[in-house]
Amino acid sequence: MSVTAAEEWRNPRNPLRDKRDKRMPRIAGPCAVVIFGVTGDLSRKKLMPAIYDLANRGLLPPNFGLVGFARRDWADEDFGQVVYEAVRDHARTPFRQEVWDRLAEGFRFVPGTFDDPEAFARLAATLTQLDTERGTGGNHAFYLSIPPKTFPAVCEQLHASGLADPRPGRWSRVVIEKPFGHDLASARELNRVVNRVFPEESVFRIDHYLGKETVQNILALRFANQLFDPIWNAHYVDHVQITMAEDIGLGGRAGYYDGIGAARDVIQNHLLQLLALTAMEEPVSFGPSQLQVEKIKVLSALRLVGPLEQTTARGQYVAGWQGGEQVVGLLEEEGFAHDSVTETFAALTLEVDTRRWAGVPFYLRTGKRLGRRVTEIALVFKRAPHLPFDATMTNELGKNALVIRVQPDEGITLRFGSKVPGHLMEVRDVNMDFSYGSAFAEDSPEAYERLILDVLLGEPSLFPVNAEVELSWEILDPVLDRWAAHGRPDPYPAGSWGPESAVRMLARTGREWRRP
Ligand code: BG6
């Protein structure tokens with residue numbers, strides 16, 4: 001544990017001692033962000049728009065710089081045009097010329113490749129110049145939005161050019177996008193490479209799900225209320241379903257996705273983090289280390305339920321209909337090998353070996369080209385131990401459920417039985433809804449706005465640490481090994497809810513997937 005983390009552990013920040021008004025947003029101090037992989041999709045659709053949105057919300061300082069690094073023959077103005085188009089097409093907040101003009105004065109572009117020390121020397125010179133001209137103050141965040149195989153080269157170059165070592169009182173941080181490795185061994189190796197250059201407290205690993213409002217609200221729901229905790233355990237909960245479904249296909253993403261698949265892309269990070277927040281104990285405080293400790297405890301207590309051929313499922317979409325449109329299967333998508341065994345659907349059964357959760361299955365599923373885009377966490381409760389009604393009157397009563405709607409239509413649904421109006425005592429399921437859209441006037445910021453700002457503020461709570469990443473791979477590795485050794489994923493038609501094997505996976509214990 002680092003000194004800072006250890007100190008914080010012994011001495012959690014006392015809110016009463018901290019005089020700052022917690023309702024006022026914190027503004028980043030002087031700094032520059034360098035994006036590697038500036039020509040990629042993530043940078044165009046998420047990172048550059050989020051930086052503009054932060055500026056528009058007044059959360060970036062006037063002395064802020066944005067530096068693009070890529071193998072392109074661009075001048076600063078060309079880079080500015082690329083950022084402009086990204087902001088125009090993808091920013092969340094309205095375009096304001098004066099905000100843009102001020103932000104754009106801090107744009108710089110450095111052409112170069114990752115194996116070229118001279119390019120990194122130019123980058124260092126550009127940052128020094130920004131520090132003096134624009135007052136970015138020697139504080140630098142390096143955002144690696146690039147394939148993991150290039151992390152070692154970039155980290156080494158940052159080290160060799162002195163950029164990883166900040167001047168006294170300044171900071172130098174590295175931001176890493178997933179996938180963080182493709183199994184435990186490669187994740188360990190990557191962690192070793194990154195930590196050789198950047199100490200763990202300067203490493204910010206992005207799991208953008210943790211930046212989502214609805215995901216942070218899991219903590220508020222569980223730990224700010226009296227209502228839920230008494231039933232949040234194996235005595236009342238029958239099982240938990242965590243679903244992340246997408247309707248989009250993988251056309252255009254073969255370079256990233258082929259050979260990676262749904263389990264590595266989504267379960268290893270987003271879904272295991274959602275599970276950890278759902279299952280963890282109350283942290284001592286919301287300081288970063290306390291939160292991480294509780295998540296790590298859950299991940300260490302997780303175990304796969306077997307036999308894996310029955311308790312896991314994987315699928316690959318074939319041609320079908322989606323939203324009234326006929327779409328092709330994965331093997332016909334551009335760039336995918338015609339015999340690709342990459343899974344586009346993955347489901348697992350897990351249990352958390354603790355007193356709170358003993359015997360409660362946690363079912364995780366994710367997929368592309370499913371019925372619709374939805375992410376939700378559903379706690380499905382046991383049936384009432386006794387029903388004093390005629391059985392025919394409760395035919396339509398299902399199990400009670402508490403559903404956290406992560407997206408879209410963000411909110412929470414409570415599902416329970418209610419009497420159908422009339423003279424019979426007939427009971428049927430109804431929903432009680434909380435919806436962000438109608439309860440709050442404020443729009444939720446994009447996850448990347450929150451996370452980029454936290455990097456600049458040096459606030460690590462929402463970033464998984466090394467141990468979380470490695471534990472997640474430890475859980476997934478046996479499944480991936482089994483799948484690699486046994487045939488192909490099961491086919492499912494685009495627009496459906498996945499392969500039959502996923503239905504059987506729950507049916508074996510008399511359960512079924514919710515239709516979100
Ligand atoms: C990314 C995955 O992490 O999350 C993508 O790599 C996926 O495959 C994306 O499409 C979904 O993000 P969101 O925020 O739209 O649910």
Side-chain angles (χ1 to χ4, degrees), residues 37 40-47 49-50 53 90 92 143-148 175-182 187 204-218 242-275 277 314-317 322 327 330 333 335-336 340 342-347 364-377 404-411 436 443-452 462-464 468-469 472-473 476 494 498 516:
D41 245 26
L42 181 78
S43 173
R44 201 163 44 83
K45 291 192 180 149
K46 300 286 183 188
L47 307 183
D53 287 325
H90 302 287
R92 181 179 66 86
Y143 202 120
L144 309 195
S145 176
I146 49 180
V175 188
I176 301 183
E177 271 293 337
K178 69 180 195 58
F180 205 73
H182 53 88
F204 290 73
R205 296 176 185 79
I206 295 267
D207 183 322
H208 79 281
Y209 263 61
L210 297 179
K212 291 183 191 271
E213 281 290 333
T214 37
V215 172
Q216 291 154 38
N217 193 36
I218 300 171
I242 304 183
T243 299
M244 177 193 161
E246 292 180 284
D247 50 6
I248 50 169
L250 285 156
R253 285 194 73 201
Y256 163 75
Y257 203 90
D258 205 9
I260 294 276
R264 290 186 173 96
D265 184 39
V266 169
I267 294 188
Q268 187 271 341
N269 37 78
H270 308 325
L271 296 197
L272 286 177
Q273 286 287 327
L274 293 184
L275 185 156
L277 293 172
R314 67 176 159 153
Q316 189 181 71
Y317 66 84
Q322 193 138 47
V327 295
L330 183 85
E333 297 276 21
F336 281 87
S340 170
T342 302
E343 85 278 358
T344 59
F345 177 100
L364 269 42
R365 68 173 160 167
T366 183
K368 306 280 183 193
R369 283 270 186 245
L370 296 182
R372 71 184 184 93
R373 174 174 182 255
V374 60
T375 300
E376 64 165 45
I377 302 165
I404 299 170
R405 304 194 310 268
V406 174
Q407 67 186 29
D409 185 22
E410 292 80 358
Y436 277 79
D443 276 350
S444 296
E446 270 280 326
Y448 277 97
E449 290 171 51
R450 169 70 196 258
L451 296 176
I452 291 173
L462 297 178
F463 299 85
E468 290 168 80
V469 173
S472 303
W473 282 120
L476 208 56

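Any value given below was found using the heavy atoms of this structure, including those in side chains, with hydrogens, waters and symmetry copies removed. Both ligands and their constituent atoms are indexed starting at 1 by order of listing.
Scanning all heavy atoms of the two residues, the minimum distance from P148 to P179 falls at CG-O, 3.2 Å. For the pair Q407 and Y209, the tightest heavy-atom approach, listed with the atom from each and the gap, is NE2-OH, 3.3 Å.
Contact check for M244 versus V406: no side-chain heavy atoms found under the 4.5 Å cut-off.
A side-chain contact (heavy atoms from CB on, under 4.5 Å) with R369 is found for exactly one of D247, V327, L250, namely V327.
Judged as a ring-ring contact (aromatic ring centres under 6.0 Å, His included), and not counting sequence neighbours, the contacts of H208 are H270, Y448.
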Report task. Go through D41 and Y256 one step at a time and tell me if the side-chain hydrogen bond (donor to acceptor under 3.5 Å, both in side chains) criterion holds. Result -> CA-CA 11 Å; D41 245 26; Y256 163 75; over 6 Å; no
Quick check for students: name every N or O atom pair between ligand 1 and the protein closer than 3.5 Å, with distances.
unit_1, atom_1, unit_2, atom_2, d
ligand 1, 3 (O), K178, NZ, 3.1
ligand 1, 3 (O), H270, NE2, 2.7
ligand 1, 6 (O), K178, NZ, 3.0
ligand 1, 6 (O), D265, OD1, 2.6
ligand 1, 6 (O), D265, OD2, 3.4
ligand 1, 8 (O), R253, NH1, 2.8
ligand 1, 8 (O), D265, OD2, 2.6
ligand 1, 8 (O), K368, NZ, 2.7
ligand 1, 10 (O), E246, OE1, 3.3
ligand 1, 10 (O), E246, OE2, 2.6
ligand 1, 10 (O), K368, NZ, 3.1
ligand 1, 12 (O), H208, NE2, 3.2
ligand 1, 14 (O), H208, NE2, 2.8
ligand 1, 14 (O), K212, NZ, 2.6
ligand 1, 15 (O), R373, NH2, 3.4
ligand 1, 16 (O), Y209, OH, 2.5
ligand 1, 16 (O), Q407, NE2, 2.7

